[in-house]
There are 2 protein chains.
Amino acid sequence: MKQRESITQHTRQNIIDAFWSLYCEKTIDKITVKEITQKAGYNRSTFYEYFHDAYDVLDKLEETLIPNLSELPPITVLSKDFGLPTDLFMDLFEHNKKYYAVLLSENGDPAFTSRLKKVIKPLLMSAFTGSTKPINHSLDYTLEYTLSAMIGILSYWISSPKPLPNDELYALVHKLMQEGSLKILQENHAV
Amino acid sequence: MKQRESITQHTRQNIIDAFWSLYCEKTIDKITVKEITQKAGYNRSTFYEYFHDAYDVLDKLEETLIPNLSELPPITVLSKDFGLPTDLFMDLFEHNKKYYAVLLSENGDPAFTSRLKKVIKPLLMSAFTGSTKPINHSLDYTLEYTLSAMIGILSYWISSPKPLPNDELYALVHKLMQEGSLKILQENHAV
DNA sequence: TTAAATAATACAACACTGTGTTGGATTAAC
DNA sequence: GTTAATCCAACACAGTGTTGTATTATTTAA
């Protein structure tokens, strides 16, 4: 049963890899099962032994890319700089850059952003209120604002051909969160 | 020639409407031309007289939803509150709520967000530097951060079943931009 | 002013591509 | 030798995009 398992895992991964190389080139609806299996070197019907359709492959792949709650240090980081754990986010994005850059691009999957928020938001919520459910609207909207901003700037960062050095980005994000974007925009205007 | 034109426009709009009612229910790849034309009351092949495929319908529809540069007052608003024209954004989102709420949702189109940014960013850029191209990275990243945040919070707002009153949202966004999200998060923490 | 010619709108039918399933062949594990 | 996994060939079906044609509105010319 040992060799069989490894074969299965291997085939599965081959299909995922073939899918991903196609997903980097075109949107998912243009990807056919035929193409995937051709690239991976299998019969088309073999695909259906492993996945339901192309969207199923994407779904399973995304699942591995969503940070595991139990892996993230829950409150420690929040108390450290009393805000969003910027360094953790940067690590997450940089580490999975290959996938994140595509999934969060204009050809990517809006559901992935949603999934990310859905995992992280309650985490932050509980850090601030002790409960995962929003106590007041202000906090809820503020988190949505900040999370969107964070995901937006980090997507931009990892997609950039010449990305900002890590420390500069870190400093900028912190300044943005501590002093507001307006102040920084005004400084730029003065220059 | 008058009646012919109006028939064309009418048919075209019928197809777009039928498409949209389907797009509200499911993702675009599950929408067939057959369904669209059935709902609109035409033969399937009539569709191809008007659009290339379902994506073409979406594309044309989105085009009408992207704010026209010439319609937006260019610098006046920026100088008013020396930042992002929050009220303009709120108007834009509220006015096109029916479409924006879907297009910016997890079942929507990431390309639409991209299109929005691509139109608005140079506008803001030129307001701050006089040129549409970024002079320094800091400004570029700051705009990306703020635009992402703005689009994020406004999407959340219009999708909410019981949305925050306009004036409260406006005040919150201004505070977020002027003082930074951290301060507001800290205030919430204290409560 | 009316009848014929033209151009638009809509559709039926066709060839093609991709989908998902079923039943069978091969090969490893027991 | 039996069982079960992996893979594949073939089938029925659904959706696509095109082509040729009928119908009807507009234009042209007698």
Side-chain angles (χ1 to χ4, degrees), chain A residues 1-64 102 107-111, chain B residues 1-64 102-103 107-109 111:
Chain A
M1 209 213 269
K2 213 194 294 180
Q3 188 170 343
R4 277 301 164 86
E5 248 174 48
S6 76
I7 288 175
T8 305
Q9 277 315 106
H10 193 240
T11 305
R12 190 182 174 79
Q13 194 56 50
N14 284 341
I15 291 174
I16 292 177
D17 291 344
F19 166 80
W20 185 252
S21 73
L22 290 166
Y23 193 83
C24 291
E25 291 169 12
K26 48 174 141 182
T27 50
I28 190 166
D29 44 277
K30 305 280 180 246
I31 298 174
T32 66
V33 174
K34 190 183 174 186
E35 275 179 311
I36 298 172
T37 49
Q38 259 180 0
K39 205 176 243 293
Y42 297 95
N43 184 283
R44 193 172 62 83
S45 55
T46 300
F47 176 91
Y48 295 99
E49 307 281 342
Y50 291 85
F51 299 99
H52 186 268
D53 53 26
Y55 293 88
D56 191 28
V57 186
L58 181 62
D59 185 67
K60 298 290 157 50
L61 180 55
E62 285 182 359
E63 207 175 311
T64 68
V102 179
N107 297 318
D109 181 13
Chain B
M1 209 213 272
K2 214 194 290 179
Q3 188 169 342
R4 278 300 164 84
E5 247 175 49
S6 77
I7 288 176
T8 305
Q9 276 315 104
H10 193 241
T11 306
R12 189 181 174 79
Q13 195 56 49
N14 284 342
I15 292 174
I16 292 177
D17 291 346
F19 167 80
W20 186 253
S21 74
L22 290 166
Y23 193 84
C24 291
E25 291 168 12
K26 47 174 138 183
T27 51
I28 189 166
D29 45 277
K30 305 281 180 242
I31 298 174
T32 67
V33 174
K34 191 182 173 186
E35 276 178 311
I36 298 172
T37 48
Q38 259 179 1
K39 205 175 244 291
Y42 297 94
N43 184 282
R44 192 173 62 81
S45 54
T46 299
F47 176 91
Y48 295 100
E49 308 280 344
Y50 291 86
F51 300 99
H52 186 268
D53 53 27
Y55 293 88
D56 191 28
V57 186
L58 180 62
D59 185 65
K60 298 290 158 49
L61 181 55
E62 285 182 358
E63 208 175 310
T64 68
V102 178
L103 286 172
N107 297 319
D109 181 13

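To find a chain, count down the sequence lines: A is the first, B the second, and so on, and within it residues start at 1. Values reported hereafter were calculated over all heavy atoms of this structure, with side chains retained and with hydrogens, waters and symmetry mates removed.
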Nearest non-hydrogen partners of B/Asn14 and B/Ala40, listed with the distance: O-CB, 3.8 Å

Check: B/Glu35 side chain, B/Thr32 main-chain N or O, donor-acceptor pair, under 3.5 Å: yes

Heavy atoms from other residues, nucleotides or ligands near NZ of A/Lys30 exceed 12 (cutoff 6.0 Å): yes

Rounded interatomic separation in angstrom, taking CG from A/Asn14 and C1' from D/dC7: 13 Å

Separation of C/dT21 P from A/Phe47 CZ (nearest whole Å): 12 Å

Rounded distance (Å) that lies between atom P of D/dC7 and atom OH of A/Tyr48: 16 Å

OP1 or OP2 of D/dC7 under 4.0 Å from side-chain N/O of A/Tyr50: yes

Given B/Ile36, B/Asp53, B/Leu58, the one that forms side chain to side chain contact (heavy atoms under 4.5 Å, CB included) with B/Ile31: B/Ile36

Worked verdict on B/Tyr55 versus A/Asp29 for side chain to side chain donor-acceptor pair (under 3.5 Å): CA-CA 10 Å; B/Tyr55 293 88; A/Asp29 44 277; 3.0 Å; yes

Summary of protein contacts for nucleotides 11-16 of chain C, nucleotide by nucleotide, where a base hit scores B, a sugar-phosphate-only hit scores S (4.0 Å, heavy atoms): BB----

A/Lys26, NZ atom: more than 12 neighbouring heavy atoms under 6.0 Å: yes

Distance, rounded to the nearest Å, where B/His10 contributes NE2 and C/dA10 contributes P: 10 Å

Expected output: side-chain A/Glu62 to main-chain A/Asp59 donor-acceptor under 3.5 Å: no

Parallel, tilted or perpendicular: rings of A/Phe51 and A/Phe47 (30°, 60°): tilted

Any residue of residues 25-39 of chain A with a heavy atom less than 4.0 Å from an atom of DNA chain D: none

